[in-house]
Structures are given as structure tokens and as C-alpha cells.
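Scroll down for the structure; my scribbles are underneath it.
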Amino acid sequence: MAFLELHCYSEALLHQVAMNVLLPQQHPWQKPLEGPRRTLYLLHGLGDDHTGWQRLTSLERYVEEQNIAVIMPSTMRGFWTDMADGGPRYWTFVSEELPALMESLLGIRPNRETTFAAGLSMGGYGALKLGFRCPERFRAVAALSAAPISRRMAKAQLKETDNEVIATMIRRVFGGELSPENDIFQLAEACREPRPDVYMAVGADDYLCPLNRELYRHIERQGYRVIWRETPGQAHTWKFWDLCLPKVIEWIMGFERTGARQA
């Protein structure tokens, strides 16, 4: 794989942004890279940035012999959302500007059948949001230990938290009332055809597990093709996400133009 550390200016955010990119590279000692090149937008969680996936998992080893480009942007603690208080437009950046930058700078052209999104925690929410709001651009999305942001969850978080920093952050990002365009349950219902396939995984000991189960059942009732993986003894940790990552990569690489290999 080729590794790029990319810094460029974002018109949506009005400042320089950083991202890491992995690009497939054919080596003479490897078997030929097969099939069309996939593109995976891999999103970080609340406490991480664009370096987390490479520092804390074996991502590069998992994709070393795969024909897949992996794009890892950073949006800090913005929940992949245009801030309600008029602050940074993180949703506009990741959903509109970032794909355009990848095309203009790296020649990665948009193609729904070969484009995927995945993420952990806050990034899992972001990946689902990309799939549900932009189904014409994403063939499938994977959410690991997702933060399933909904109107009810946001209210409960504001009511229960004794951390004023978190409460202020939630109000700043989502405002006083979560809008339908940010409620992942409502987005799943409103998503138009062709809908993306969905992969969800969570540890049974994760504090977000009950909400993930609820979201999985909701998505399944809406008629999505969805894979559910709940792992006993695992919590909200990088150990679990590193276990999940090769399975997600295998799932993504199994997609063909006519369907998907179920993992």
C-alpha cells in the first residue's frame, strides 16, 4: 500500500484539514490486485482523529493485498454534522467537498457500486448518515459500536450527563431540538432507493449495545439488507474494533455489481 498524509484547504470549513489515505500498490511479489478498485471512507470516533485507525489497528496489513483506497478524514468532535450554532460545516465537508477533493487531487472518481463508508462510535453514526442521506453514492456502510444519534437519545444525554463540556458540545452540534436530517432512526425510514446494505457490530458489554440493538431492529423492519454482529465479552474498545475491521474489509471486498457476498 501507498500511504499519503494529506493537508489541504477546505472551503466548507474555511481552514486547512488533515487526512490519511491508503492507496493500493501492486508489488511484484504479490498476486495481481483483482476487481474494480473500492473506495472506503473510514471515519473516526469522538476522542480520535484521522490517525486513530492506523495507530490503533492493523488496518494497513488488512488491506495490503486488496484493491481498495481508504480515506481517513478528521472532523474533530463535530459528529459529521453542520453545526447548529453556525460553526463548522462538517457534514458538508464529508458528504460533498471531500469526494470532490479526492477526485481532483487523487483521481478517485465517484462510483456508487464501489464506494463504501465505515466508522466507529461517532464515526459509525457518520457512516450510517452518509448511507441513509446519500444512498445514490454509497453501496454499503458499516457501523462499529455506533453512537445512534436520535431525538430521544440526545434528550436523554442532555438530561443525564453531569459533564457540562459534553452537554455544551451536544447543544452546539445539534441545537436545542434534533432535526430529522440528523436523527438516524428517521433517516433510515426516509432513505430512498437504492438503499445501502448495512453492517453493524457491537460488543455485548458496550454501554451503547442496547441502543445499537434497537437501531438494528429498526433498520431491519425498514427492509434493509443488514448484517448484525454482537460479540460477548467485548466493550467500547480498540481491541474490539481491531477484531471487527478485517471482517468489514472482507465484507466490502465481497461486493459485486449485482449484489454482495454475505459474511
Side-chain angles (χ1 to χ4, degrees), residues 1-7 18-45 48-75 80 94 98-99 101-103 105-124 126-128 130-131 137-146 196-201 227 229 231 237-257 259-263:
M1 300 296 291
F3 166 64
L4 286 71
E5 186 176 6
L6 180 61
H7 299 263
M19 66 193 77
N20 285 349
V21 180
L22 292 173
L23 295 176
Q25 182 178 8
Q26 183 68 66
H27 297 292
W29 60 85
Q30 292 176 333
K31 65 180 181 180
L33 298 174
E34 298 179 351
R37 178 181 292 184
R38 274 81 165 166
T39 300
L40 171 62
Y41 290 89
L42 190 57
L43 311 184
H44 65 78
D48 301 303
D49 62 10
H50 60 290
T51 70
W53 284 105
Q54 283 181 275
R55 289 189 299 108
L56 298 166
T57 76
S58 294
L59 169 66
E60 192 163 348
R61 183 164 57 84
Y62 299 148
V63 299
E64 185 176 11
E65 296 185 358
Q66 305 290 356
N67 195 7
I68 185 170
V70 184
I71 301 161
M72 294 163 279
S74 178
T75 65
W80 313 96
V94 73
L98 182 58
L101 285 170
M102 292 300 94
E103 182 174 12
L105 297 176
L106 301 179
I108 298 175
R109 304 193 177 192
N111 178 343
R112 180 186 187 268
E113 297 305 314
T114 57
T115 302
F116 304 84
L120 66 88
S121 197
M122 181 184 79
L128 292 171
L130 283 170
R137 285 191 267 142
F138 290 89
R139 179 64 184 83
V141 294
L144 309 180
S145 311
D197 283 33
V198 178
Y199 186 108
M200 293 185 68
I227 292 175
R229 297 286 184 264
T231 306
T237 66
W238 277 104
K239 176 184 176 182
F240 173 65
W241 300 321
D242 190 35
L243 290 172
C244 293
L245 191 54
K247 299 173 185 176
V248 171
I249 298 296
E250 181 183 5
W251 179 69
I252 288 171
M253 298 308 296
F255 275 81
E256 303 294 343
R257 293 187 180 276
R261 181 185 69 233
Q262 296 299 307

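On a predicted model such as this, the values are computed, not experimentally measured, just so you know. Residues take their numbers from the sequence shown, with the count starting at 1.
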Q) Can you find a pair of side-chain heavy atoms, one from L22 and one from M72, that are under 4.5 Å apart? A) yes

Q.
With side-chain contact (heavy atoms from CB on, under 4.5 Å) as the criterion, how do L120 and W238 come out once you've worked through the C-alpha distance, each side chain's angles and the decisive distance to 0.1 Å?
A. CA-CA 9 Å; L120 66 88; W238 277 104; 3.3 Å; yes

Q: Taking the side chain as every heavy atom from C-beta outward, state whether T231 and F240 have any atom pair closer than 4.5 Å.
A: yes

Q. Atom CG in L243, atom CZ in R229: separation rounded to 0.5 Å?
A. 14.0 Å

Q: With sequence neighbours excluded, tell me which residues meet side-chain hydrogen bond (donor to acceptor under 3.5 Å, both in side chains) with S145.
A: D206, W241

Q.
Taking the side chain as everything from C-beta on, heavy atoms only, tell me whether W80 gets closer than 4.5 Å to H44.
A. yes

(Q) Distance check, rounded to the nearest 0.5 Å: T39 atom OG1 versus F138 atom CZ? (A) 9.5 Å

Q) Can you tell if the side chain of P73 reaches within under 4.5 Å of the side chain of L43, non-hydrogen atoms only? A) yes

Q: Please report the closest heavy-atom contact between P246 and Y62, naming both atoms and the distance.
A: CD-CE1, 3.5 Å

**Q.** Heavy-atom closest pair, residues P24 and N67
**A.** CG-OD1, 3.6 Å

Q) Is there a donor-acceptor pair closer than 3.5 Å between any side-chain N or O of Q26 and the backbone N or O of L33? A) yes

Q.
Quick check for you: to the nearest 0.5 Å, what is the distance between M253 atom CE and F116 atom CZ?
A. 8.5 Å

Q | Approximate separation, where rounding is to 0.5 Å, of D242 CG and T237 OG1 | A | 9.5 Å

Q.
Can you confirm whether F255 sits close enough to D197 that some side-chain heavy atom of one is under 4.5 Å from a side-chain heavy atom of the other?
A. yes

Q. Of all heavy-atom pairs between A142 and A127, which one has the smallest distance, and what is that distance?
A. O-CB, 3.7 Å

Q | Minimal non-hydrogen separation, L130 against A117, with atom names | A | CD1-CB, 4.0 Å

Q. Would you call V70 and W53 a side-chain contact if the rule is heavy atoms closer than 4.5 Å?
A. no

Q: Applying side-chain hydrogen bond (donor to acceptor under 3.5 Å, both in side chains), name anything that partners Q54, two or more places apart in sequence or on another chain.
A: N20

Q) Quick one: ring pair (Phe, Tyr, Trp, His ring centres under 6.0 Å) partners of H7, sequence neighbours excluded? A) none

Q.
Run the salt bridge (charged side-chain N to carboxylate O under 4.0 Å, His left out) test against R137 and tell me which residues pass, sequence neighbours left out.
A. E96

(Q) Please find the pair of heavy atoms, one from K31 and one from E65, that lie closest to each other, and give the distance. (A) CE-OE1, 4.4 Å

**Q.** Under the side-chain contact (heavy atoms from CB on, under 4.5 Å) test, residues paired with R109 that sit two or more places apart
**A.** E103

**Q.** Partner set under side-chain contact (heavy atoms from CB on, under 4.5 Å) for L106, not counting sequence neighbours
**A.** L4, V21, M102, I108

Q. Does the side chain of R38 come within less than 4.5 Å of L40's, by heavy atoms?
A. no

Q: Measure the spacing between CE of M1 and CD of Q66 and express it to the nearest 0.5 Å.
A: 9.0 Å

**Q.** Least distance between heavy atoms, P196 atom then A140 atom
**A.** CB-CA, 4.0 Å

Q. What distance separates I249 CD1 from L42 CG, expressed to the nearest 0.5 Å?
A. 7.0 Å

